[in-house]
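Okay, so here's the structure we're looking at.
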Amino acid sequence: MGIDAVKDVLSYRTNSPEETTALGRALGALLLPGDVILLTGDLGAGKSVLARGLARGLGVTQAMPSPTFTLMQPYRGRIPFYHFDLYRLDDPEQFWEAGLDEFVGGDGAAVVEWPDRAELEGNMTIRLARCEDSDDARLIALTLSGPDQRRKDIEDTLAQWRLDA
Ligand code: ADP
Ligand code: MG
């Protein structure tokens, strides 16, 4: 990750949980089998809110309960949706021992909260952070690897939330 990578960050701002859900839904509609989306940011940053939006965009209609002790919850959508919350993972080894890697980079889209707990890598990273000027605003910074055309599609789809819009 050099200076070029930094330049490639796509930056967005939402002003409410509903807007974060809407951004997620728009992006979720573009997700493909094999995608691994890492969600980073502090507790309460909005990772789970965004994950629910992504699921909706993927056509998941099931309820998505709030934090449980499940490390991974699968959902059925247009493609399988695997929602990981690794907050309670003590040791990266556990991830592989539990066979959770089977759900990453395969037939569905994997969305991972606290990916550092398993030292996971993805093709998309979304970092969420609170804004100083409002309790309900979030900065959402997206980096991705892959074809330029896909990046362009994502940029077009998310344009309304651009930080500098
Ligand atoms: P995380 O999974 O990162 O720990 P959650 O998504 O569970 O965080 O919680 C985010 C909290 O912040 C929720 O209570 C949500 O209502 C609140 N919130 C306020 N503004 C926003 C916003 N713009 N986007 C997402 N969540 C927001
Ligand atoms: Mg969460």
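Both ligands and their constituent atoms are indexed starting at 1 by order of listing. Every heavy atom of this structure was used, including side-chain atoms; hydrogens, water molecules and symmetry mates were not.
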Would you please name every residue forming a side-chain hydrogen bond (donor to acceptor under 3.5 Å, both in side chains) with R13, sequence neighbours left out?
N15, D133
Using 2.8 Å as the threshold, say whether any N, O or S atom from Y87 sits that close to the Mg ion (ligand 2).
no
Output yes when the distance from some N or O of ligand 1 to some N or O of [X] is under 3.5 Å, and no in every other case.
X	result
T20	yes
L43	no
G44	yes

Ligand 1 contacted by E19 (non-hydrogen, < 4.0 Å)
no
Under-4.0 Å heavy-atom contact with ligand 1, by part of D42 that carries it:
backbone
Taking non-hydrogen atoms only, is S16 closer than 4.0 angstrom to ligand 1 via side chain, backbone, both or neither?
backbone
Closest heavy-atom pair, E121 versus V36, reported as atoms and distance to 0.1 Å, is O-CG1, 3.6 Å
Which atoms form the tightest heavy-atom contact between Y12 and I154, and what is the distance?
OH-O, 4.4 Å
Distance-only check: which donor-acceptor pairs under 3.5 Å involve side-chain atoms of residues 89-97, not counting sequence neighbours?
| from | atom 1 | to | atom 2 | distance (Å) |
| --- | --- | --- | --- | --- |
| D91 | OD1 | E93 | N | 3.0 |
| Q94 | OE1 | D90 | N | 3.0 |
| Q94 | OE1 | D91 | N | 3.4 |

Within 6.0 Å of CZ in R127, more than 12 heavy atoms from elsewhere
no
The N/O/S atom of E113 lying closest to the Mg ion (ligand 2) is OE1
Which ligand 1 atoms are under 4.0 Å away from a heavy-atom of V49?
6 (O), 25 (C), 26 (N)
Near E113 (heavy-atom distance under 4.0 Å), the atoms of ligand 1 are 2 (O)
Any salt bridge linking D156 with K152? Criterion: basic side-chain nitrogen under 4.0 Å from a carboxylate oxygen.
yes
Among D136, T40, L39, closest by heavy atom to atom 23 (N) of ligand 1 is D136
Quick check against the 3.5 Å criterion: does R76 have a side-chain atom that pairs as donor or acceptor with the backbone of Q62?
no
Under a 4.5 Å cut-off applied to non-hydrogen side-chain atoms, are W114 and D85 in contact?
yes
